[in-house]
Number of protein chains: 2
Amino acid sequence: MRDVAMLARVSVGTVSNVLNSPDRVSDATRQRVEEAIAKLGWVPNESARQLRAGRSRSIGMVVMDLSNPFFADVIRGAERLLYDEQYSVQVGNSDSDLSRELTLLERFEQQRIGGVLFAPIEDRAERVLKLRRRGIPVVIVDRAGTGTDYCSVGVDDLVGGRLAAEHLLDQGHHRLAFVGGPSTLAQVRDRRRGAELAVDQAGEGTSLLVVSTPTTSLEAGVSSAGEIAALPEAERPTAVFAANDLIAIGLLQGFTTAGLRVPDDMAIIGYDDIAFAAAAAVPLSSIRQPREDIGRKSAELLLAEMEAADAALPHVHETIRFVPQLVARRSTHRRKPRKG
Amino acid sequence: MRDVAMLARVSVGTVSNVLNSPDRVSDATRQRVEEAIAKLGWVPNESARQLRAGRSRSIGMVVMDLSNPFFADVIRGAERLLYDEQYSVQVGNSDSDLSRELTLLERFEQQRIGGVLFAPIEDRAERVLKLRRRGIPVVIVDRAGTGTDYCSVGVDDLVGGRLAAEHLLDQGHHRLAFVGGPSTLAQVRDRRRGAELAVDQAGEGTSLLVVSTPTTSLEAGVSSAGEIAALPEAERPTAVFAANDLIAIGLLQGFTTAGLRVPDDMAIIGYDDIAFAAAAAVPLSSIRQPREDIGRKSAELLLAEMEAADAALPHVHETIRFVPQLVARRSTHRRKPRKG
DNA sequence: ACCCGTGAATGATCCGTTTCAATGAACCGA
DNA sequence: TCGGTTCATTGAAACGGATCATTCACGGGT
């Protein structure tokens, strides 16, 4: 910057003004400075700026599983909006590991990042509060909180779970299963509870087998399918609700390998309605979440909170709860009566 | 930090030493300082650190398409390694947009980021060189360069394209098609050229129809399938090679909609072998790239280059070229002779 | 000729850390 | 008892910009 100032025969203060308040600088001077910048290829040092400003024009994002296309879409939704507002987005992948999650948040705190979009693994309010104490706004993503401690955006997973189970019951199934885990994940818990409610309401003669998986990955689905297929046919469920589409697709593969036909021998419904659900071996029924909207809306709330904080205005935390939607495809087509 | 120093009754210099060279500080003092840090909940300001150090402990990553699981896996591979080395990773999504790509790189430059893993949309050596002039090491990902100007990691797409086309020819097809685009993408060009080579070598009676798409997305595949299906049967290809698995899955959906059966009426092979390829409606043949290895290896090269730069040692740029592998699945099963 | 107002440019100060020369204290051996 | 070491600690000078009170120059009005 000094070099630029010397070349343009002005002070460093003027160079700074050219960038930050161009109207305070005369046209002639501004032009000289701009030429000098171009000639030297100077690029302002963001760390110095941040140091002075006290905060950065970056937004941090922490997600549980980057290889789940659901999160890729949420990120994309948030990024679209933030990019237009001149913010850059840093995505960190906690990989469903609490200590990695903590590390990522700490790094954002050290960076005095402008704000954080956080898809938490567990409910850990203290992590959010710690950031806020440092003056960093946080919005919880993919988890519609009940509290008024922070903004959050998500869908009503209880309703979603109920929708899924009711759909299976409607198709004539009585022995259902829920596959998902770990149950430390609030999303998994809520979806399961929704399913349980639906099953309870259906009354006698219906059951819900709960199969817990260590992760929400495709592989978890494959191995759960093996377990379920190994049950004696009289006990085996005839329909499975998977906590997300990755698991559902894994189940589909696993059942096929085990010689069970979907949907005839086994119906499957997933959750999220990622793009691949429709393209699966058997097109997958699913519960649709407005993935990009979740990202976009989270970013909106975050920006609002950041502006309020800047202006020292009061801010009322909002909870946005999108409504999930059933998308029925072939994987849950009504079972045909057994031939013979 | 001043507060910590006062509470511990030492100077700020000592607080800094506790963090950066603990062995220069007596045990008693260190303990007092650590207690003060804990009591005040102080977290060092990374911008100030960076300002002093001149560079950051962050790595930037620019990818073309975050919603392509291929890149998600590459990112994961890189992240794994870098996380262990205490680096944080910032992922930016250029969304196949040259100007967004430029903006992302400029932001990294302003941040004086420690290094960049760059999956470029086009060959734009000047973008790499600009960063390097600023002292920021860059490794090109998913694109094995020929030059010695920079490190790069990728697979040999020419070989991959040839493998795919040869496989289709081996299955008895003569009229092939290549679907992919835009052809500004080096990956697309190379894969197509590989296919062309294979077809040329097969000689008379074989043909390759090239269908160019505006993007490498699933939707592009769907609409291309419509075009191809609309051709008169005598001209219509019997096998399609898609530039990546997203397109291939889209084709699969499109052909099914159009009433063509895969693989009987139309064989399909994709590229990347993403996890969903095996789970597709018809399990998808594909050309496998070692996705996580590409990410991990890129990160390794980047760290090596960063260390060399730090120590002012000479650095020889490396070009890692993984070998792609054919994975044959049902979508290219040999066509059965027509019944009737 | 003088004063005042206005717009443009300046330069010192500060942001929070690291680094390094300098200070000081304690200890050793002669 | 004194010089010489070693070890722990200190204080000030960066790092690269933003900010803001101050200075300067110029014009218009009286």
Side-chain angles (χ1 to χ4, degrees), chain A residues 1-37 40-58 86 106-114 134-136 310, chain B residues 1-37 40-58 86 106-114 134-136 310:
Chain A
M1 181 153 161
R2 268 209 319 271
D3 299 339
V4 172
M6 293 190 69
L7 182 58
R9 325 200 116 263
V10 295
S11 71
V12 292
T14 303
V15 176
S16 175
N17 281 334
V18 169
L19 291 173
N20 303 299
S21 26
D23 42 336
R24 304 188 68 77
V25 180
S26 74
D27 286 358
T29 311
R30 185 179 46 217
Q31 203 167 337
R32 276 213 321 280
V33 172
E34 280 165 354
E35 278 166 15
I37 290 176
L40 294 178
W42 172 74
V43 173
N45 182 323
E46 188 64 22
S47 345
R49 274 190 177 177
Q50 280 179 211
L51 176 56
R52 189 84 227 292
R55 66 196 148 58
S56 85
R57 280 195 80 77
S58 279
Q86 314 278 14
E106 273 172 355
R107 288 223 253 261
F108 287 148
E109 188 178 350
Q110 290 178 200
Q111 281 185 49
R112 306 291 191 270
I113 207 156
R134 179 85 44 198
I136 301 176
D310 267 10
Chain B
M1 181 153 159
R2 267 210 319 271
D3 298 339
V4 171
M6 294 190 70
L7 182 57
R9 326 198 116 263
V10 295
S11 71
V12 292
T14 303
V15 176
S16 175
N17 282 334
V18 168
L19 291 173
N20 303 301
S21 25
D23 41 336
R24 303 188 67 76
V25 179
S26 73
D27 285 359
T29 310
R30 185 178 47 216
Q31 204 167 338
R32 278 212 321 280
V33 171
E34 280 165 355
E35 279 166 15
I37 290 176
L40 294 178
W42 172 74
V43 173
N45 182 323
E46 187 65 21
S47 338
R49 274 191 175 176
Q50 280 179 210
L51 176 56
R52 189 83 228 293
R55 64 195 150 58
S56 85
R57 281 196 79 77
S58 279
Q86 315 278 12
E106 272 172 357
R107 288 223 253 263
F108 287 148
E109 187 178 351
Q110 289 179 200
Q111 280 184 49
R112 306 291 193 268
I113 207 155
R134 179 82 46 200
I136 302 177
D310 266 11

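Note that the coordinates shown come from a computational prediction; the quantities given were computed from them, not determined experimentally.
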Please state how far atom CD in Q50(B) lies from atom C1' in dC15(C), giving the value in whole angstrom units. 14 Å
Against the side chain of N20(A), the closest entry in dG17(D), dA14(D), dA18(D) is dA18(D)
From dC15(C), dT10(C), dT18(C), nucleotide with atom closest to L51(A) side chain: dC15(C)
Whole-Å distance between dA8(C) C1' and Q31(A) CD? 17 Å
Just to confirm, is there a sub-4.0 Å distance from OP1 or OP2 of dT17(C) to any side-chain nitrogen or oxygen of S16(B)? no
Rounded to the Å, how far apart are R24(A) CZ and dT6(C) P? 14 Å
Among the candidates dA8(C), dT18(C), dG11(C), find the nucleotide nearest to the side-chain atoms of R49(B). dT18(C)
Could you state the atom-to-atom distance from CZ of R134(B) to P of dG16(D) in whole Å? 11 Å
Over how many whole Å does the gap from E46(B) atom CD to dT18(C) atom C1' extend? 12 Å
Surrounding CZ of R57(A) (heavy atoms of other residues, nucleotides or ligands, distance under 6.0 Å), is the total greater than 12? yes
Gap between atom CH2 of W42(B) and atom CZ of R134(A) - 0.5 Å precision: 9.5 Å
From dT9(D), dG17(D), dA9(C), pick the nucleotide closest to the side chain of W42(A)? dG17(D)
So does S11(A) get a side-chain nitrogen or oxygen closer than 4.0 Å to the phosphate oxygens (OP1/OP2) of dA9(C)? no
Measure CZ/R2(B) against C1'/dT17(C) and give the value in whole Å, please. 12 Å
Out of dT19(C), dT17(C), dT10(C), minimum distance to the side chain of N17(A) belongs to dT10(C)
Using a 3.5 Å distance criterion without hydrogens, assess whether the side chain of R55(B) forms a donor-acceptor pair with backbone atoms of G114(B). no
If you look at every strand shown and take non-hydrogen atoms under 4.0 Å, does V15(B) touch a base, only sugar-phosphate, or nothing? nothing
May I ask you to evaluate whether S26(A) reaches the phosphate of dA9(C), defined as a side-chain N or O under 4.0 Å from OP1 or OP2? yes
Between the base of dA14(D) and the side chain of R52(B), is there any donor-acceptor pair under 3.5 Å? yes
Of the nucleotides dG16(C), dA8(C), dG16(D), which has the atom closest to the A48(B) side chain? dG16(C)
From dA18(D), dT10(D), dA9(C), pick the nucleotide closest to the side chain of V25(A)? dA9(C)
Should Q111(A) and S58(B) count as side-chain neighbours, where that means a heavy-atom distance under 4.5 Å? yes
Checking side chain to side chain contact (heavy atoms under 4.5 Å, CB included) between S16(A) and each of N20(A), L19(A), V18(A), T14(A), which is the one that passes? N20(A)
Note: for V43(B) and A28(A) on DNA chain C, the residue whose nearest nucleotide lies more 5' is A28(A)
Hey, which sits more toward the 5' end of DNA chain D by its nearest nucleotide, R112(B) or V10(B)? V10(B)
Between dT18(C) (P) and R57(B) (CZ): distance, integer Å: 13 Å
With side chains defined as the heavy atoms from C-beta onward, is the minimum distance between V43(A) and E106(B) less than 4.5 Å? no
In whole angstroms, the gap separating C1' of dG16(C) from CD of Q111(A) amounts to 15 Å
